[in-house]
Amino acid sequence: MLRARIGGGSLASHTGGRGPAGSVEGRDRPITTRMAAWSLAGCSALLFMWLLLSPRPLGGGSALNLKGINEWSYCQAPLKGDEGVLPAEARPRELKQVQLVIRHGDRSPITKLTTPPLDFDCKIKDPAMRLVAELVRERFHVAGIQGKASLDYLTRALLLPTNDSQQTFFSGLGIGAGKDTAGGEDQACFPGQLTERGVRQQVFNGQYLQERYGKALGVTDIETEVYFRSTNYPRTFISGAALLLNFLAPLVPDRLPVIVQEDNNKEALFGRGLIGASRARNVDPFESPNDERGPCEVAFKLGAQQEKAFSIDAELEQAFFEELNLTPAAEAEARLLSVADATDPLMGMACYKHPLPVHRSLVRSLKKETDRMFCERYAGAEGGREGTRLGMQPFLQEVLGRFQNYGTMKLKLALYSAHDTVLSPLLGALDVLDKHCYWPPYASRVVFEMWGPPARPEGRAQEKEGGSEEDSVRILYNGEVVSRRSLHCPGYKAKGRNEEVLFMEEETLLPLGCLQEYIEGMSILGEEKIACV
């Protein structure tokens, strides 16, 4: 059923075309805020805001141009690209469905290298972002796969009205409230907590994507046309919900369910049998307990083999600890961190212009080393590539299935809110990580677009062979098209088409049968066919 429509506007004004208001071209314009709010009291009342959010700097910016070997800064993915825009010379096509995999927005560091830990403030102070947080808490609910609402604590971390509730919340997480969480203007973060900047990043993400897809998709029935899934973490749940609020505007979600698999080991987004990037260096991955191996033993063994093949550059590690100058006990603990976990707090400091405990050049080098770790882990020759393809095959089968069932389900938008350790193996499974060998920035996105066949020119007869042309899929990463017919299915003959001539845009469009053929081929390892389902 059609949910409430707020006037004629939206959280983001629709501009369309190649120069959206959400792109970097509009960053120098001052923000204009228009708000229309209804009381939260009463079951039929609506609370929404109408923000014409011309992008502004995200507060603090990045102290370093930390691009490593890649094109973009780690602190935020770019809000520009080719989403929803086919080449001008392309044949007319209909956009039918979009499936979107995102990394959460900016968060506090998960690990620490200094004592006491850095002071990252996670209090939502911007009134507009507080209203977003209120809407997230009011308009979304968890539909756990096990039937439990295990994430009812998720948004309490964003809005803690009293000292008592703060104390209760942090105590429930096993974290001492301390002076920073006991009131006042600041609210210290727990490890990995989404920040106000992270919320804002996803609001802008939703605005940008709405400008590119909103009008073409034309969502009118949120309950049947939108699918939202999140991993079992507050930062991913809130990130996805904030994005959807702006993407769906001016429709207002009414208790939109968020699908959650509470057992990470069973969540296909993480891959079947793939290993995360945060294992302590003194732990042999082959000695992992069974509940951390996932349901696919072959993918696990290949990933573990690749993990053991990686070692941090010895000279870089020596320079790092010499400059960091930790106590012996703290250094012994820090040496057990993976390079990603050791670099994580430094990147957090850089993104917020906090003083760095080591030279900037060393932070850049550690970032590049983390880029290399992600690339080898999920696309390496020692088992990374094969293990990733096997492990991510079930999730890609889900994506394919939602495209194939479009005719009966009429799903228009699927959002999967996840992590860097989801986007990197996904790109690895698509065989494009080697061209994007870097740590995915905050608020990164992988987009799967399904385009219907072009309209037949007037008077042209239908193709004789195979009937009508099939739908096609285009894949983009942070605005860059990564799908290629010549890479993913060079020998595939598209249904109902004479393949002697390919139009320019068809190199980047994968017919559904081609995508199916590619995904099925992921289970072939040498001469043996193995499926991680």
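Predicted, not measured: the structure shown is a model, and the values here were computed from it. Side chains included, hydrogens not; waters and symmetry mates left out as well; all remaining heavy atoms used.
In this structure, the side chains of Phe140 and Leu244 come closer than 4.5 Å at one or more pairs of heavy atoms. Side chains of Tyr518 and Leu510 form no contact here, defined as non-hydrogen atoms less than 4.5 Å apart. Between Lys410 and Lys412, the closest side-chain pair of non-hydrogen atoms is not below 4.5 Å. Using a 4.5 Å heavy-atom threshold, the side chains of Leu245 and Val136 count as touching. With contacts defined as side-chain heavy-atom distances shorter than 4.5 Å, the pair Arg139/Leu256 does not qualify. Ser239 has its side chain out of reach of Gln201: every pair of non-hydrogen atoms, C-beta onward, lies at least 4.5 Å apart.
One finds no salt bridge joining Glu386 and Arg389 here, because no Lys/Arg side-chain nitrogen approaches an Asp/Glu carboxylate oxygen to under 4.0 Å. Here Glu480 does not pair with Lys435 in a salt bridge; the nearest charged N to carboxylate O distance is not below 4.0 Å. Salt bridge Arg385/Asp431: present, at least one basic N to carboxylate O contact under 4.0 Å.
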Item to check | Stepwise side chain to side chain contact (heavy atoms under 4.5 Å, CB included) test for Phe270 and Val422 | outcome: CA-CA 5 Å; Phe270 286 118; Val422 171; 3.8 Å; yes
Item to check | Step-by-step side chain to side chain contact (heavy atoms under 4.5 Å, CB included) determination, Leu433 to Thr388 | outcome: CA-CA 11 Å; Leu433 185 60; Thr388 296; over 6 Å; no
Checklist entry - Could you walk me through whether Ser483 and Val473 pass the side chain to side chain contact (heavy atoms under 4.5 Å, CB included) check? => result CA-CA 8 Å; Ser483 52; Val473 174; over 6 Å; no
Checklist entry - Hey, mind stepping through Gln202 and Asn205 against side chain to side chain donor-acceptor pair (under 3.5 Å) and telling me if it holds? => result CA-CA 5 Å; Gln202 296 299 353; Asn205 228 354; 3.1 Å; yes
Checklist entry - Given Tyr233 and His419, is the side chain to side chain contact (heavy atoms under 4.5 Å, CB included) satisfied, shown in steps? => result CA-CA 10 Å; Tyr233 292 84; His419 311 260; 3.4 Å; yes
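Taking the six-membered ring for Trp, His436 and Tyr477 have ring centres closer than 6.0 Å.
Both the sub-6.0 Å distance and the 45° axial angle are not jointly satisfied by Lys215 relative to the ring of Tyr213.
Between the Gln210 side chain and the Leu248 main chain, no donor and acceptor come within less than 3.5 Å of each other.
Only one option out of Glu267, Arg229, Gln99, Glu398 pairs with Tyr416 in a side-chain hydrogen bond (donor to acceptor under 3.5 Å, both in side chains); it is Gln99. In summary, of the residues considered (Asp420, Asp371, Asp344), a side-chain hydrogen bond (donor to acceptor under 3.5 Å, both in side chains) with Trp439 occurs for Asp420 alone.
For Glu382, the salt bridge (Lys or Arg N to Asp or Glu O under 4.0 Å) criterion is met by no residue, not counting sequence neighbours.
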